[in-house]
Amino acid sequence: MNQKGDEVLETALRRGFIWPSFEIYGGAAGFYDYGPLGSALKNNIIAEWRRVFVVEEGCLEIDTPTVVPFEVLKASGHVDHFLDAMVECTRCKGAFKAVDLLKEQAGVDMEGKSVKEMSKAIRERGVRCPDCGGELGEVFEFNAMFKTAVGPGSKRQAFLRPETAQGIFVDFRRLYRHGRGKLPLGVVQIGRGYRNEISPRQGMIRLREFTMAEAEVFFDPKNPVHPGFERVASERLRLWLAKDQSAGSEQITEVTAADAVRQKLVCNQLMAYYLALTVQLLRRLGIPESAVRFREQLPGQRAHYSVETWDAEVHTQRYGWIEIAGFAYRTDYDLSRHMQHSGEDLTAFIEERKEKVVCHVVEPSFGIDRIFYCVLEHSLATEGKRKILKLKPYIAPIQAGVFPLVTKDGLPERARQIERELRTAGLRVEYDESGSIGRRYARADEVGVPFCVTVDHQTLEDNTVTIRDRDTAKQVRVSIENLAEVLKRLIEGTLSIESLGGQES
RNA sequence: GCGGCAGUAGUCUAGCCUGGUCUAGGACACCAGCCUGCCACGCUGGUGGCGCGGGUUCGAAUCCCGCCUGCCGCACCA
């Protein structure tokens, strides 16, 4: 294992970013708690996502239940694709879908039959392991969705949602009306999703309960364009094409978003648009474009609903390249299925052509927990013994520290006043007087506090304080009168320490 | 889920093989007091631990079993 990844997780655990869930009862794999700082950081990451997709893009945000009735997920295909009768080879331990083996080797269709019947059929028909020819064990049900029931008596079967998307699809009619028939129509949802992984590992990378931020962009299949495409047309995309993966090549094809569309490397302009937007979002979160690539999923890897999928991958030292977002071209799969199963009309009307169409969908779907890890890893810098979490100031859980230089002569009292004023001004600040001033700076650095305000004897004379910049340790002296405003501008990045005449300490 | 290794204060770790001398040692962190005019200063004091459960034994951090959790490989990851 590598040192950097360990340092990230150790720091995150020790300083209250993430904790193992249910720890005092021995814990549970695949679940994590966000501690006070982690919770704040996660919320700030979500706020940045929301700022892009809801504020700038104007997507409609909704919030739907995590408990989803059986019929909905039956229609979406999840029941059939997430519930499998599996069988394991007793010799090589390979796991296979029982239905597939029975079809291939015995020519019988056992779809929908019970586990017992399938086990019996495998024995009677002499179905063997396709890899090593070994004997197969008992068929067991593998359910990647958490099962539950609505109401007492288990009358109505339901599942915890494996994705938030279905809540959007089933609301399409109302959303389409709410959006007054305009296309493309973007709808987003941020919330928890659940997958009962067989054996989750890799900490927060594979969770059984996770937070996802998904957008479903509905569009006229004959017109897959985004009105704001020009804004991102020159953004460079690093693509790992399927053909290169198949050829065993790590070759990255770097093109602008406009060229990706022109050269037909991606299915349409909307897809390219959201890939470009993602580069910008990640950059804003502190993940440089050099650590981002888009991997085109090979046909066999795609979800049942997708005809083209790109994964946004971020490079990490601990886990290598990890998928942090998926971009699926779901076509009209979901709406069509829900039309069939519900009997409702979920079409859109295209005025120019006087034609009813089932909208197609491009789905950018982000794994917030994974992005959270990537942000931490890409932010943590080590300088000697010191750890500095160089979070972008606007996502830092604590925006400023307020310290009295020494704990006497009325400095703590004055510092407390300033803390109060900054809190009232809406800044997330922490007061600290314990230990030496250097220790307090170091403590603040480790949790990513971008600015520290120090109250010294001069403060008592002329009502000025110093602001110390985390990343450079430079300090500037500003009047308390302007402090909140200056801090706000430093945090949002419209003002730099240098422009204030920052001095090396 | 299978196989291998591991789990000691908040964090990292000594002790485990060869049971008692462990009332479990250390470092860092944390808290209190003193000190302190700017980058983890110093002094004094302090809080806090053997993953959980069972067994063997006069006696278990140490040996055995089960579970949980973590790491590595296989499988899975729609």
Side-chain angles (χ1 to χ4, degrees), chain A residues 1-2 5-7 9-16 19-31 35 76-84 86-97 131 137 140 142 144-145 162-163 195-203 205-208 210 297 299-306 309 318 322-323 326 328 330 367 383-388 401 403-409 411 432-446 452-460 465-470 472-475 477 503-505:
Chain A
M1 189 43 62
N2 66 85
D6 287 345
E7 264 176 26
L9 291 184
E10 191 270 327
T11 306
L13 175 73
R14 190 165 40 79
R15 301 309 304 271
W19 294 321
S21 295
F22 317 115
E23 204 178 4
I24 65 168
Y25 288 103
F31 298 95
S76 71
H78 286 87
V79 167
D80 295 324
H81 288 87
F82 273 72
L83 296 182
D84 279 316
M86 301 293 290
V87 64
E88 212 175 65
C89 172
T90 54
R91 196 195 300 171
C92 73
K93 303 295 179 195
F96 310 92
K97 292 184 184 177
D131 287 355
F140 60 93
F142 171 63
M145 290 195 290
E163 56 173 11
R195 288 181 196 177
N196 203 357
E197 302 278 357
I198 300 175
S199 72
R201 281 202 207 152
Q202 303 177 299
I205 304 305
R206 251 178 90 188
L207 295 171
R208 287 182 162 130
F210 45 90
Q297 281 192 2
Q301 298 172 328
R302 290 193 294 260
H304 61 274
Y305 47 69
S306 179
T309 302
R318 187 181 181 84
I322 60 173
E323 176 196 345
R330 298 179 77 131
E383 289 176 14
K385 268 188 69 174
R386 278 179 108 108
K387 293 200 183 92
I388 305 178
F403 309 149
L405 182 61
V406 290
T407 52
K408 59 178 185 184
D409 306 329
L411 297 188
D432 190 0
E433 61 169 36
S434 89
S436 69
I437 188 77
R439 180 183 297 267
R440 284 174 259 158
Y441 287 146
R443 248 197 307 253
D445 287 345
E446 202 180 40
C452 290
V453 172
T454 301
V455 174
D456 55 19
H457 289 91
Q458 192 179 330
T459 305
L460 303 180
V465 291
T466 61
I467 300 176
R468 168 196 181 265
D469 176 58
R470 175 193 66 204
T472 62
K474 282 181 180 168
Q475 285 182 302
R477 186 165 280 280
Q503 302 286 309
E504 293 287 353
S505 64

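All values below were derived from every heavy atom in this structure, side-chain atoms included, with hydrogens, water molecules and symmetry-related copies excluded. Worth saying up front: this structure is predicted, and the values here are computed from it rather than measured. Reminder, nothing fancy here: chain letters follow the sequence lines and each chain counts from 1.
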Chemist: Considering residues at least two apart in sequence or located in another chain, which fulfil the side chain to side chain donor-acceptor pair (under 3.5 Å) criterion with A:Thr11?
Modeler: none
Chemist: Can you list everything that forms a side chain to side chain contact (heavy atoms under 4.5 Å, CB included) with A:Thr407? Sequence neighbours excluded, please.
Modeler: A:Pro412, A:Glu433
Chemist: Taking only the C1' atom of each, what is the distance from B:C5 to B:G48 in whole angstrom?
Modeler: 29 Å
Chemist: Using a cutoff of under 3.5 Å, can you pull out all pairs of nitrogen or oxygen atoms linking the protein to nucleotides 40-48 of chain B, with atom names and distances?
Modeler:
residue: B:C41; atom: OP1; partner: A:Arg439; partner atom: NH2; Å: 2.9
residue: B:C41; atom: OP2; partner: A:Ser436; partner atom: OG; Å: 2.2

Chemist: Side-chain contact test, heavy atoms from C-beta onward, threshold under 4.5 Å: evaluate it for A:Arg318 versus A:Asp6 and give yes or no.
Modeler: yes
Chemist: Between the base of B:C39 and the side chain of A:Asp445, is there any donor-acceptor pair under 3.5 Å?
Modeler: no
Chemist: For A:Tyr305, report the nucleic acid contact type (base, sugar-phosphate, nothing); a contact means any heavy atom under 4.0 Å.
Modeler: sugar-phosphate
Chemist: Write down the distance separating the C1' atoms in B:C65 and B:C71, rounded off to the nearest Å.
Modeler: 23 Å
Chemist: Please classify the nucleic acid contact of A:Ser434 as base, sugar-phosphate, or nothing, using heavy-atom distances under 4.0 Å.
Modeler: sugar-phosphate
Chemist: Measure all distances between protein nitrogen or oxygen atoms and nitrogen or oxygen atoms of nucleotides 3-12 of chain B, and list the pairs falling under 3.5 Å.
Modeler:
residue: B:U11; atom: O2'; partner: A:Glu10; partner atom: OE2; Å: 2.5

Chemist: List for me each residue that meets side chain to side chain donor-acceptor pair (under 3.5 Å) alongside A:His304, sequence neighbours excluded, and say none if there are none.
Modeler: none
Chemist: Please report the distance separating the P of B:C22 from the corresponding atom of B:A40, rounded so that it comes out in whole Å.
Modeler: 37 Å
Chemist: Whole angstroms only, please: what is the CG-P distance between A:Asp6 and B:G70?
Modeler: 15 Å
Chemist: Test of understanding: with ring-ring contact (aromatic ring centres under 6.0 Å, His included), list the residues that count as partners of A:Tyr305, not counting sequence neighbours.
Modeler: none
Chemist: Return the stems involving RNA chain B, sorted by first number, where pairs are Watson-Crick (N1-N3 with N6-O4 or O6-N4) or G-U wobble (N1-O2 and O6-N3), both under 3.5 Å, and runs are 3 or more long.
Modeler: B:1-7 with B:68-74, B:10-13 with B:25-28, B:30-34 with B:42-46, B:51-55 with B:63-67
Chemist: Tell me: CG of A:Asp469 to P of B:C39, nearest whole Å?
Modeler: 16 Å
Chemist: B:C72 P sits how many Å from A:Arg206 CZ, rounded?
Modeler: 13 Å
Chemist: Please tell me if the side chains of A:Leu460 and A:Leu411 come closer than 4.5 Å, counting only heavy atoms from C-beta onward.
Modeler: yes
Chemist: Using the C1' atoms only, state how far B:C52 lies from B:A61, rounded to an integer number of Å.
Modeler: 14 Å
Chemist: Base, sugar-phosphate alone, or nothing: which one does A:Thr466 contact when heavy atoms must sit under 4.0 Å apart?
Modeler: base
Chemist: Just to be sure I understand the rule, does A:His457 reach a base, reach only the sugar-phosphate, or reach nothing, if contact means heavy atoms closer than 4.0 Å?
Modeler: base
Chemist: Apply side-chain contact (heavy atoms from CB on, under 4.5 Å) to residues A:Lys387 and A:Glu10 and explain how you reach the verdict.
Modeler: CA-CA 12 Å; A:Lys387 293 200 183 92; A:Glu10 191 270 327; 3.8 Å; yes
Chemist: Are OP1 or OP2 of B:G37 and a side-chain N or O of A:Lys408 less than 4.0 angstrom apart?
Modeler: yes
Chemist: Between A:Glu433 and A:Val406, name the one whose nearest nucleotide on RNA chain B is closer to the 5' end.
Modeler: A:Glu433
Chemist: Measure from CZ on A:Phe210 to P on B:C77 and round the result to the nearest Å.
Modeler: 15 Å
Chemist: Could you check how far CG of A:Leu405 sits from P of B:U36, rounded to whole Å?
Modeler: 12 Å
Chemist: Using the P atom in both, what is the distance from B:A75 to B:C12, to the nearest Å?
Modeler: 31 Å
Chemist: For the side chain of A:Arg468, counting heavy atoms from C-beta on, which of B:U69, B:C39, B:C38 is nearest?
Modeler: B:C39
Chemist: Rounded to whole angstroms, how far apart are CZ on A:Arg318 and P on B:G70?
Modeler: 12 Å
Chemist: In whole Å, what separates the P atom of B:C17 from that of B:A6?
Modeler: 13 Å
Chemist: Under the rule for side chain to side chain contact (heavy atoms under 4.5 Å, CB included), what residues qualify as partners of A:Asp432, not counting sequence neighbours?
Modeler: A:Phe403, A:Ser434, A:Arg440, A:Arg443
Chemist: A:Phe31: what forms a side chain to side chain contact (heavy atoms under 4.5 Å, CB included) with it, not counting sequence neighbours?
Modeler: A:Ser21, A:Phe22, A:Ala28, A:Phe146, A:Arg208, A:Glu209
Chemist: Suppose we screen for side chain to side chain donor-acceptor pair (under 3.5 Å). Which residues come up paired with A:Glu197, at least two apart in sequence or across chains?
Modeler: A:Arg206
Chemist: Please measure how far the C1' atom in B:A24 lies from the corresponding atom in B:A14, and state the result in whole Å.
Modeler: 10 Å
Chemist: Of the non-hydrogen atoms in A:Leu13 and A:Pro20, which two are nearest, and what is the gap between them?
Modeler: CD1-CD, 3.8 Å
Chemist: If we check side-chain contact (heavy atoms from CB on, under 4.5 Å) with A:Arg477, which of these qualifies: A:Asp456, A:Ile467, A:Val465?
Modeler: A:Asp456
Chemist: Under the side chain to side chain donor-acceptor pair (under 3.5 Å) rule, collect the residues that match up with A:Arg470, sequence neighbours excluded.
Modeler: none
Chemist: Expressed in whole Å, how much space separates the C1' atoms belonging to B:A27 and B:C63?
Modeler: 30 Å
Chemist: Check the distance between B:G70's C1' and A:Glu197's CD and give it to me in whole angstrom.
Modeler: 17 Å
Chemist: Side chain to side chain contact (heavy atoms under 4.5 Å, CB included) with A:Ala442: which residues, sequence neighbours excluded?
Modeler: A:Arg386
Chemist: Classify the side chain of A:Tyr25 and the base of B:C52 as holding, or not holding, a donor-acceptor pair under 3.5 Å.
Modeler: no
Chemist: Given atom CD1 of A:Ile24 and atom P of B:G51, what is their separation to the nearest angstrom?
Modeler: 16 Å
